[in-house]
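I have a structure here, written as C-alpha cells, and I will follow up with some questions on it.
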Amino acid sequence: MVVKVYGPAYASPKRVILCLVEKEIEFETVPVDLIKGEQRSPEYLKLQPFGELPVIQDGDFILYESRAIMRYYAEKYRSQGTELLGKTIEERGLVEQWLEVEAHNYNPAIYELTMQLLFSPKFGRPVDEKLVKESDEKLGKTLDVYEERLSKSKYLAGDFFSLADLSHIPFTHYLVGPMGRQHMIRDRKHVSAWWDDISNRPSWKKVLELCKTPFG
C-alpha cells in the first residue's frame with residue numbers, strides 16, 4: 001500500500017517525505033493549499049481535526065503530527081533504508097532528546113519567523129517586527145547551544161545522521177533561503193558544517209525536486 005502524504009509544499013510535511021525517502025518507502029503526495037484554506041475543508045478535517053499539516057494515510061491507518069509520523073516509519077521499517085533511530089538504547093535516547101530540543105527550543109522561534117516573514121505577506125498582513133526580533137534572539141541562543149554540541153559530535157545525537165538532524169532540515173531551508181538569514185548558520189562554524197552536510201544529502205535534494213515550495 002502506497003503511503004499518502006498531504007501538503008507536500010510545506011515544511012512539516014517535507015519532514016515526513018524526507019523520512020520516507022531515507023527509509024526507501026513508496027509514497028504519493030496530495031496537495032493542500034494553506035493560502036486558500038484547504039486545510040479547513042470538511043474532507044480534510046475528517047483526516048486531521050485540527051486543520052494542520054501533515055497527515056498520512058497508509059491503507060486504513062491515519063496518522064498526524066510530523067514527528068510522530070517520522071518515529072512510526074523509522075521504527076516500522078527499521079531494517080530498511082537509513083537507520084534513523086540509533087543502534088543502541090543510549091543512541092536512541094539521544095535521538096529522542098534532540099528531537100525534543102528541536103520541537104521545543106528550535107522550532108517555536110523558526111516557526112514564528114516563517115509565519116511572520118513568509119506567510120504574513122501571502123495573507124496581506126503586516127509583519128510584526130517586534131516578534132521577528134524576539135524570535136531571532138531566541139533562535140540565536142538555541143543555535144549557540146547547537147554550536148557547542150556540534151563542536152563535539154558530527155551530528156546532534158552522535159556521529160550518525162538521525163531523525164534529530166532530519167527534523168531540522170525543511171524549516172532551516174526557509175531560514176537560509178527565502179528568509180535571507182544565512183548568517184545565523186554561517187556565523188557558527190560547526191553549525192555551518194553540519195548544515196552543509198545534512199542539506200546536501202541526496203534524499204533532501206530529491207524532496208526539493210519532487211515537492212516545490214510556494215516561497216521560492
Side-chain angles (χ1 to χ4, degrees), residues 1-32 47-48 52-104 106-107 110-111 146 149-150 153-177 193-213:
M1 188 67 68
V2 177
V3 180
K4 289 184 179 180
V5 184
Y6 287 74
Y10 304 98
S12 293
K14 280 188 171 72
R15 278 197 192 104
V16 172
I17 295 167
L18 182 53
C19 176
L20 295 177
V21 174
E22 288 279 355
K23 297 305 293 181
E24 301 171 4
I25 299 167
E26 190 175 356
F27 66 91
E28 61 186 39
T29 60
V30 181
V32 179
L47 299 172
Q48 217 294 9
E52 297 176 352
L53 296 174
V55 61
I56 63 97
Q57 278 184 299
D58 192 343
D60 293 330
F61 183 61
I62 296 172
L63 189 64
Y64 49 83
E65 293 296 336
S66 61
R67 297 171 192 84
I69 299 169
M70 292 194 306
R71 287 177 169 108
Y72 170 73
Y73 283 110
E75 189 66 63
K76 182 176 181 179
Y77 294 94
R78 195 86 186 251
S79 63
Q80 76 179 52
T82 307
E83 171 56 71
L84 295 171
L85 295 171
K87 295 179 180 178
T88 67
I89 191 67
E90 289 77 17
E91 288 180 351
R92 176 65 180 268
L94 287 168
V95 171
E96 294 292 348
Q97 171 185 280
W98 284 99
L99 269 172
E100 292 297 310
V101 170
E102 184 271 325
H104 300 293
Y106 189 85
N107 193 70
I110 202 168
Y111 179 82
Y146 280 43
R149 170 60 179 170
L150 293 165
S153 64
K154 186 175 181 181
Y155 300 102
L156 289 171
D159 290 326
F160 60 97
F161 179 78
S162 73
L163 287 184
D165 308 288
L166 183 156
S167 194
H168 289 78
I169 295 175
F171 276 99
T172 308
H173 179 75
Y174 287 165
L175 186 76
V176 302
W194 169 72
W195 174 246
D196 284 343
D197 184 311
I198 65 176
S199 64
N200 279 293
R201 291 182 72 83
S203 57
W204 179 238
K205 292 181 179 180
K206 182 175 181 179
V207 172
L208 290 177
E209 289 174 4
L210 292 174
C211 311
K212 303 303 181 185
T213 174

message: Quick one: does any side-chain atom of Glu28 pair with a main-chain N or O of Val2 as donor and acceptor, under 3.5 Å?
response: no
- prompt: Is there a side-chain contact between His173 and Leu208 (heavy atoms, below 4.5 Å)?
  reply: yes
- prompt: Under 3.5 Å, is there a donor-acceptor pair between the Tyr73 and Asp58 side chains?
  reply: yes
- request: Taking ring pair (Phe, Tyr, Trp, His ring centres under 6.0 Å) as the test, write out the residues that go with Tyr64, two or more places apart.
  value: none
- request: Show the numbers, then the answer: is there a salt bridge (charged side-chain N to carboxylate O under 4.0 Å, His left out) between Lys205 and Glu209?
  value: CA-CA 6 Å; Lys205 292 181 179 180; Glu209 289 174 4; over 6 Å; no
field: Glu102, Glu22, Glu65 screened by salt bridge (Lys or Arg N to Asp or Glu O under 4.0 Å) with Arg15, the one that passes
entry: Glu102
query: Can you name the nearest heavy-atom pair linking Ile69 to Leu63, along with the distance?
result: CD1-O, 3.5 Å
message: How close do Asn107 and Ala103 get, counting heavy atoms only, and between which atoms?
response: CB-O, 3.8 Å
message: I'd like to know if the side chain of Lys212 and the backbone of Ala9 have a donor-acceptor N/O pair within less than 3.5 Å.
response: no
- prompt: Would you say the side-chain atoms of Trp98 pair up with the backbone N or O of Leu156, donor to acceptor, closer than 3.5 Å?
  reply: yes
statement: Heavy atoms of Tyr6 and Gln57 approach each other most closely as OH-OE1, 2.6 Å
- request: Output yes when a side-chain donor or acceptor of Asp165 lies under 3.5 Å from a complementary backbone atom of Ser162, and no otherwise.
  value: yes
task: Could you tell me whether the side chain of Leu166 reaches within less than 4.5 Å of the side chain of Phe161, counting heavy atoms only?
output: yes
- prompt: Which heavy-atom pair separates Ile17 from Val5 by the least distance, and what is that distance?
  reply: CG1-CG1, 3.9 Å
query: Which atom names give the shortest non-hydrogen contact between Gln48 and Pro54, and what distance separates them?
result: CG-O, 4.3 Å
message: salt bridge (charged side-chain N to carboxylate O under 4.0 Å, His left out), that's the test. Do Glu83 and Arg92 meet it? Break it down for me.
response: CA-CA 11 Å; Glu83 171 56 71; Arg92 176 65 180 268; over 6 Å; no
message: How about NZ on Lys206, more than 12 heavy atoms from neighbouring residues, nucleotides or ligands closer than 6.0 Å, or not?
response: no
message: Over 60° means perpendicular and under 30° means parallel, so tell me whether Phe171 and Tyr174 are parallel, tilted or perpendicular.
response: perpendicular
message: If we ignore hydrogens and angles and just use 3.5 Å, is the side chain of Lys23 paired with the main-chain N or O of Thr82 as donor and acceptor?
response: yes
